[in-house]
Amino acid sequence: MKKFLLVVASVVLGTASVSAADLAAHYTKAPVMAPAYNWTGFYVGANVGGQWGSADPGTSTVFDPAGYFASSSVPAIAAVGAQRVNSSSVTGGFSAGYNWQVNNAVLGLEGDINYFGFKGSASGSALYPCCAPTGFTVSSQVSADWLATVRGRIGFLAAPTWLLYATGGAAISEVKGNFNFTDTFSAATESAAIRDTRLGWTAGVGTEYAFGGGWSLKAEYLYVDLGRTTATSTNLIGFAGTVPFPSNVYTHSVDIKSNIVRVGVNYKFGGPVVARY
(Lines give C-alpha, C1' and ligand atoms only; values in the text may rest on other atoms or scores of the structure.)
Protein backbone atom coordinates (compact mmCIF):
# COMPACT_ATOMS: atom_id res chain seq x y z
CA MET A 1 0.00 0.00 0.00
CA LYS A 2 2.78 2.37 0.80
CA LYS A 3 4.44 1.68 -2.55
CA PHE A 4 1.14 2.26 -4.34
CA LEU A 5 0.71 5.71 -2.74
CA LEU A 6 4.22 6.66 -3.74
CA VAL A 7 3.50 5.76 -7.38
CA VAL A 8 0.27 7.78 -7.44
CA ALA A 9 2.02 10.83 -5.91
CA SER A 10 4.76 10.64 -8.52
CA VAL A 11 2.21 10.57 -11.35
CA VAL A 12 0.27 13.55 -9.96
CA LEU A 13 3.36 15.63 -9.39
CA GLY A 14 4.68 14.82 -12.85
CA THR A 15 1.40 15.83 -14.50
CA ALA A 16 1.34 19.12 -12.58
CA SER A 17 4.90 19.83 -13.62
CA VAL A 18 4.11 19.24 -17.29
CA SER A 19 0.99 21.48 -17.09
CA ALA A 20 2.96 24.29 -15.45
CA ALA A 21 5.64 24.03 -18.13
CA ASP A 22 3.02 24.15 -20.91
CA LEU A 23 1.36 27.15 -19.28
CA ALA A 24 4.67 29.01 -18.97
CA ALA A 25 5.54 28.28 -22.59
CA HIS A 26 2.12 29.58 -23.69
CA TYR A 27 2.55 32.95 -21.96
CA THR A 28 6.17 33.48 -23.01
CA LYS A 29 5.51 32.79 -26.71
CA ALA A 30 6.31 35.82 -28.95
CA PRO A 31 3.09 37.73 -29.82
CA VAL A 32 1.82 37.80 -33.40
CA MET A 33 2.96 40.88 -35.37
CA ALA A 34 0.26 42.79 -37.29
CA PRO A 35 0.95 45.11 -40.25
CA ALA A 36 0.52 48.89 -39.81
CA TYR A 37 -0.39 51.19 -42.71
CA ASN A 38 2.40 53.39 -44.03
CA TRP A 39 1.61 56.49 -46.14
CA THR A 40 4.89 56.59 -48.06
CA GLY A 41 4.43 56.08 -51.79
CA PHE A 42 3.14 57.39 -55.10
CA TYR A 43 -0.61 57.75 -55.57
CA VAL A 44 -3.21 58.81 -58.15
CA GLY A 45 -6.76 59.91 -57.55
CA ALA A 46 -9.96 61.56 -58.71
CA ASN A 47 -12.17 64.17 -57.07
CA VAL A 48 -15.52 65.92 -57.44
CA GLY A 49 -16.94 68.93 -55.64
CA GLY A 50 -18.06 72.50 -56.06
CA GLN A 51 -16.66 76.01 -56.26
CA TRP A 52 -18.11 79.38 -55.39
CA GLY A 53 -16.28 82.61 -55.96
CA SER A 54 -16.22 86.12 -57.34
CA ALA A 55 -14.43 88.37 -59.80
CA ASP A 56 -14.14 92.15 -59.86
CA PRO A 57 -13.93 93.27 -63.49
CA GLY A 58 -13.04 96.91 -63.99
CA THR A 59 -13.35 99.40 -66.86
CA SER A 60 -11.89 102.92 -66.75
CA THR A 61 -10.67 105.65 -69.07
CA VAL A 62 -8.63 108.86 -68.83
CA PHE A 63 -9.33 112.49 -69.55
CA ASP A 64 -7.70 113.88 -72.65
CA PRO A 65 -8.55 117.43 -73.81
CA ALA A 66 -8.37 116.17 -77.38
CA GLY A 67 -10.28 112.99 -76.56
CA TYR A 68 -13.89 111.95 -76.50
CA PHE A 69 -14.88 112.34 -72.86
CA ALA A 70 -15.46 115.36 -70.68
CA SER A 71 -13.50 115.41 -67.44
CA SER A 72 -16.64 114.63 -65.41
CA SER A 73 -17.26 111.46 -67.46
CA VAL A 74 -14.02 109.79 -66.37
CA PRO A 75 -14.95 109.09 -62.70
CA ALA A 76 -18.51 108.20 -63.75
CA ILE A 77 -17.25 105.50 -66.13
CA ALA A 78 -14.85 104.13 -63.50
CA ALA A 79 -17.68 103.91 -60.95
CA VAL A 80 -19.98 101.99 -63.30
CA GLY A 81 -17.07 99.89 -64.60
CA ALA A 82 -16.16 98.65 -61.11
CA GLN A 83 -18.39 95.58 -61.18
CA ARG A 84 -18.82 92.30 -59.31
CA VAL A 85 -19.35 88.88 -60.88
CA ASN A 86 -20.34 85.87 -58.76
CA SER A 87 -20.02 82.28 -59.90
CA SER A 88 -20.71 78.79 -58.60
CA SER A 89 -20.34 75.45 -60.37
CA VAL A 90 -19.49 71.78 -60.06
CA THR A 91 -15.79 70.91 -60.29
CA GLY A 92 -13.99 67.63 -60.85
CA GLY A 93 -10.73 66.16 -62.08
CA PHE A 94 -7.66 64.06 -61.41
CA SER A 95 -4.64 64.26 -59.13
CA ALA A 96 -1.31 62.56 -58.51
CA GLY A 97 1.27 62.89 -55.76
CA TYR A 98 3.84 61.36 -53.46
CA ASN A 99 3.88 61.09 -49.65
CA TRP A 100 6.75 60.56 -47.21
CA GLN A 101 5.85 59.33 -43.74
CA VAL A 102 8.25 60.19 -40.91
CA ASN A 103 6.93 58.74 -37.64
CA ASN A 104 3.54 60.41 -37.18
CA ALA A 105 4.21 63.17 -39.73
CA VAL A 106 3.38 62.91 -43.43
CA LEU A 107 4.97 65.23 -46.01
CA GLY A 108 3.81 65.27 -49.61
CA LEU A 109 3.70 66.92 -53.01
CA GLU A 110 0.50 66.85 -55.09
CA GLY A 111 -0.62 68.16 -58.48
CA ASP A 112 -4.08 68.16 -60.01
CA ILE A 113 -6.01 69.30 -63.08
CA ASN A 114 -9.72 70.04 -62.80
CA TYR A 115 -12.72 71.40 -64.61
CA PHE A 116 -13.22 74.77 -62.91
CA GLY A 117 -16.39 76.15 -64.51
CA PHE A 118 -16.05 79.74 -63.31
CA LYS A 119 -18.38 81.95 -65.39
CA GLY A 120 -20.39 85.11 -64.86
CA SER A 121 -21.35 88.52 -66.22
CA ALA A 122 -22.35 91.99 -65.02
CA SER A 123 -23.65 95.20 -66.55
CA GLY A 124 -24.23 98.78 -65.38
CA SER A 125 -25.46 102.08 -66.82
CA ALA A 126 -25.41 105.77 -65.89
CA LEU A 127 -26.07 109.23 -67.34
CA TYR A 128 -23.20 111.47 -68.41
CA PRO A 129 -22.84 114.24 -65.77
CA CYS A 130 -22.11 116.73 -68.53
CA CYS A 131 -24.65 115.66 -71.06
CA ALA A 132 -27.81 114.18 -69.54
CA PRO A 133 -30.11 112.64 -70.60
CA THR A 134 -27.54 110.77 -72.71
CA GLY A 135 -25.63 108.03 -70.94
CA PHE A 136 -23.51 104.93 -71.26
CA THR A 137 -23.44 101.21 -70.44
CA VAL A 138 -20.49 99.03 -69.40
CA SER A 139 -20.79 95.23 -69.52
CA SER A 140 -18.32 92.53 -68.49
CA GLN A 141 -18.09 88.76 -68.89
CA VAL A 142 -15.55 86.63 -67.00
CA SER A 143 -14.74 82.92 -67.26
CA ALA A 144 -12.11 80.30 -66.41
CA ASP A 145 -12.77 76.77 -67.67
CA TRP A 146 -9.97 74.80 -65.97
CA LEU A 147 -7.77 74.97 -62.90
CA ALA A 148 -4.49 73.24 -62.09
CA THR A 149 -2.63 73.31 -58.78
CA VAL A 150 0.80 72.18 -57.58
CA ARG A 151 0.85 72.01 -53.80
CA GLY A 152 2.85 70.84 -50.87
CA ARG A 153 1.11 68.91 -48.09
CA ILE A 154 2.10 68.62 -44.44
CA GLY A 155 0.09 66.61 -41.97
CA PHE A 156 0.03 64.41 -38.90
CA LEU A 157 -1.61 61.10 -38.14
CA ALA A 158 -4.56 61.25 -35.77
CA ALA A 159 -4.53 57.45 -36.14
CA PRO A 160 -2.36 55.12 -38.27
CA THR A 161 -4.92 55.31 -41.11
CA TRP A 162 -6.28 58.83 -40.51
CA LEU A 163 -4.36 61.85 -41.82
CA LEU A 164 -5.07 65.54 -41.12
CA TYR A 165 -3.15 67.99 -43.32
CA ALA A 166 -2.62 71.55 -44.51
CA THR A 167 -1.75 72.29 -48.13
CA GLY A 168 -0.63 75.23 -50.25
CA GLY A 169 1.13 76.18 -53.45
CA ALA A 170 0.57 77.47 -56.99
CA ALA A 171 -2.74 77.74 -58.86
CA ILE A 172 -2.85 78.05 -62.67
CA SER A 173 -5.79 78.87 -64.93
CA GLU A 174 -6.61 80.63 -68.19
CA VAL A 175 -8.65 83.71 -67.27
CA LYS A 176 -10.87 85.21 -69.98
CA GLY A 177 -12.69 88.53 -69.95
CA ASN A 178 -14.82 90.38 -72.48
CA PHE A 179 -15.75 94.06 -72.08
CA ASN A 180 -18.12 96.34 -73.96
CA PHE A 181 -18.84 100.06 -73.71
CA THR A 182 -21.74 101.79 -75.49
CA ASP A 183 -23.34 105.21 -75.16
CA THR A 184 -26.33 107.16 -76.42
CA PHE A 185 -24.49 110.47 -76.85
CA SER A 186 -23.25 109.61 -80.33
CA ALA A 187 -23.65 105.83 -80.46
CA ALA A 188 -20.01 105.34 -79.50
CA THR A 189 -18.86 101.79 -78.81
CA GLU A 190 -15.71 100.15 -77.51
CA SER A 191 -14.82 96.52 -76.86
CA ALA A 192 -11.84 94.56 -75.56
CA ALA A 193 -10.92 91.02 -74.60
CA ILE A 194 -8.53 89.46 -72.10
CA ARG A 195 -7.16 85.93 -72.39
CA ASP A 196 -4.34 85.29 -69.95
CA THR A 197 -2.91 82.14 -68.34
CA ARG A 198 -2.56 83.21 -64.74
CA LEU A 199 -0.22 81.94 -62.03
CA GLY A 200 -1.82 82.53 -58.64
CA TRP A 201 -1.81 80.80 -55.27
CA THR A 202 -3.93 78.40 -53.26
CA ALA A 203 -4.08 77.18 -49.66
CA GLY A 204 -6.35 74.89 -47.70
CA VAL A 205 -6.85 71.98 -45.32
CA GLY A 206 -8.03 68.41 -45.65
CA THR A 207 -8.37 64.96 -44.17
CA GLU A 208 -7.71 61.53 -45.64
CA TYR A 209 -8.62 58.06 -44.41
CA ALA A 210 -6.96 54.86 -45.66
CA PHE A 211 -9.26 51.86 -45.64
CA GLY A 212 -7.15 49.06 -47.10
CA GLY A 213 -5.51 47.73 -50.24
CA GLY A 214 -3.88 51.09 -51.01
CA TRP A 215 -7.21 52.94 -51.21
CA SER A 216 -8.07 56.09 -49.28
CA LEU A 217 -10.87 58.66 -49.14
CA LYS A 218 -10.26 62.40 -48.73
CA ALA A 219 -12.18 65.63 -48.17
CA GLU A 220 -10.53 68.98 -48.89
CA TYR A 221 -11.10 72.75 -48.85
CA LEU A 222 -9.02 75.11 -51.04
CA TYR A 223 -8.99 78.89 -51.41
CA VAL A 224 -7.75 80.08 -54.82
CA ASP A 225 -6.58 83.58 -55.81
CA LEU A 226 -5.57 84.05 -59.46
CA GLY A 227 -4.60 87.70 -59.09
CA ARG A 228 -5.51 90.54 -61.47
CA THR A 229 -4.82 90.76 -65.19
CA THR A 230 -5.17 93.94 -67.29
CA ALA A 231 -5.56 95.01 -70.92
CA THR A 232 -5.83 98.40 -72.64
CA SER A 233 -7.86 99.42 -75.68
CA THR A 234 -8.23 102.49 -77.90
CA ASN A 235 -10.87 101.24 -80.35
CA LEU A 236 -13.62 103.75 -79.56
CA ILE A 237 -15.85 104.35 -82.61
CA GLY A 238 -19.18 106.12 -83.19
CA PHE A 239 -22.22 106.03 -85.43
CA ALA A 240 -21.70 102.34 -86.28
CA GLY A 241 -18.14 103.07 -87.37
CA THR A 242 -18.97 105.72 -89.97
CA VAL A 243 -17.49 108.72 -88.15
CA PRO A 244 -13.85 108.86 -86.95
CA PHE A 245 -13.63 109.55 -83.23
CA PRO A 246 -10.79 110.90 -81.10
CA SER A 247 -8.86 108.02 -79.57
CA ASN A 248 -9.48 107.37 -75.88
CA VAL A 249 -7.51 104.87 -73.82
CA TYR A 250 -9.55 102.31 -71.85
CA THR A 251 -8.15 100.05 -69.17
CA HIS A 252 -9.92 96.76 -68.48
CA SER A 253 -9.01 94.34 -65.70
CA VAL A 254 -10.30 91.23 -64.01
CA ASP A 255 -9.43 89.02 -61.06
CA ILE A 256 -10.82 85.70 -59.83
CA LYS A 257 -11.02 84.34 -56.30
CA SER A 258 -12.74 81.06 -55.47
CA ASN A 259 -13.51 78.61 -52.67
CA ILE A 260 -13.44 74.91 -53.51
CA VAL A 261 -14.81 72.01 -51.47
CA ARG A 262 -14.31 68.52 -52.84
CA VAL A 263 -14.15 64.85 -51.97
CA GLY A 264 -12.01 62.25 -53.66
CA VAL A 265 -10.51 58.79 -53.71
CA ASN A 266 -6.80 57.96 -53.99
CA TYR A 267 -4.93 54.75 -54.78
CA LYS A 268 -1.38 54.32 -53.48
CA PHE A 269 1.01 52.05 -55.35
CA GLY A 270 3.13 49.71 -53.24
CA GLY A 271 5.00 51.42 -50.45
CA PRO A 272 6.38 49.87 -47.27
CA VAL A 273 4.29 48.12 -44.63
CA VAL A 274 5.73 48.43 -41.12
CA ALA A 275 5.19 45.56 -38.68
CA ARG A 276 3.88 46.30 -35.21
CA TYR A 277 2.94 44.24 -32.14
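- Cluster annotation: Val90 and Ile256 are assigned to distinct hydrophobic clusters (Ile/Leu/Val/Met/Phe/Trp/Tyr, side-chain heavy-atom contacts under 4.5 Å, transitive).
- Between the side chains of Ser186 and Tyr68, at least one donor N or O lies within less than 3.5 Å of an accepting N or O.
- Under a 3.5 Å cut-off, the side chain of Ser258 and the backbone N or O of Val224 do not form any donor-acceptor pair.
- Considering only heavy atoms from C-beta on, Leu163 comes within 4.5 Å of Trp39 through its side chain.
- With a 4.5 Å cut-off on side-chain heavy atoms, Thr149 and Glu110 do not count as touching.
- No path of Ile, Leu, Val, Met, Phe, Trp and Tyr side chains, each step under 4.5 Å between heavy atoms, connects Ile154 with Val205, placing them in separate hydrophobic clusters.
- Within the 4.5 Å cutoff, side-chain heavy atoms of Val261 are placed close to those of Trp52.
- Looking at every heavy atom in both residues, Ala170 comes nearest to Leu199 through CB-CD1, 3.8 Å.
- Counted by atom type alone, Glu190 and Ser233 present one or more donor-acceptor pairs between their side chains at under 3.5 Å.
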Pair up each side-chain donor or acceptor in residues 129-140 with any protein partner under 3.5 Å, not counting sequence neighbours, and list the distances.
unit_1	atom_1	unit_2	atom_2	d
Thr134	OG1	Cys131	O	2.5
Thr137	OG1	Ser125	OG	2.7
Ser140	OG	Gln83	OE1	2.8

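- Within the structure, ring-ring contact (aromatic ring centres under 6.0 Å, His included) contacts touching residues 96-121 (residues at least two apart or in different chains) are Tyr98-Trp100.
- When Lys218, Lys268, Arg153 are each tested for a salt bridge (Lys or Arg N to Asp or Glu O under 4.0 Å) with Glu208, only one passes: Arg153.
- Closest approach of Gly117 to Gln51, counting heavy atoms only: O-NE2, 4.0 Å.
- Ser87 contributes no side-chain N or O that, together with a main-chain N or O of Ser54, makes up a donor-acceptor pair within less than 3.5 Å.
- By the rule that hydrophobic residues join a cluster once side-chain heavy atoms approach within less than 4.5 Å of another member, Trp162 and Val265 end up as members of one cluster.
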Open item on the list: Using side chain to side chain contact (heavy atoms under 4.5 Å, CB included), reason through Thr229 and Val254 one step at a time and then give a plain yes or no.
Closed with: CA-CA 6 Å; Thr229 183; Val254 62; 3.6 Å; yes

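- When all heavy atoms of Ser253 and Thr230 are compared, the pair lying nearest together is CB-OG1, 3.6 Å.
- Nearest heavy atom pair, residue Gly108 against residue Asn99, reads CA-OD1, 3.7 Å.
- The closest side-chain heavy-atom distance from Pro65 to Phe63 is below 4.5 Å.
- Using a 4.5 Å heavy-atom cutoff, the side chains of Phe269 and Val44 are in contact.
- Contact between Thr91 and Gly50 at its shortest, heavy atoms only, is OG1-N, 3.7 Å.
- His252 and Tyr250 have parallel rings, their planes meeting at less than 30° on a 0 to 90° scale where 60° marks the start of perpendicular.
- In summary, the aromatic rings of Phe179 and Phe181 are positioned with their centroids too far apart to meet the 6.0 Å limit.
- Side chains of Val106 and Leu157 form a contact here, defined as non-hydrogen atoms less than 4.5 Å apart.
- Remark: the backbone N or O of Gly264 is not paired with any side-chain donor or acceptor of Asn47 at under 3.5 angstrom.
- To the nearest 0.5 Å, the span separating OG1 on Thr184 from CG on Leu127 amounts to 7.5 Å.
- The two atoms that bring Val249 and Thr61 nearest to each other are O-OG1, 2.8 Å, heavy atoms only.
- Side-chain N or O atoms of Arg228 include one that pairs as donor or acceptor with a backbone N or O of Asp56 at under 3.5 Å.
- Hydrophobic clustering of Ile, Leu, Val, Met, Phe, Trp and Tyr side chains at less than 4.5 Å, counting indirect connections, unites Phe211 with Leu164.
- In the hydrophobic clustering of this structure, Tyr223 does not group with Leu226; members are Ile, Leu, Val, Met, Phe, Trp, Tyr whose side-chain heavy atoms approach within less than 4.5 Å, directly or through other members.
- Listed by chain and number, the residues in a salt bridge (Lys or Arg N to Asp or Glu O under 4.0 Å) with Asp196 are Arg198 (sequence neighbours excluded).
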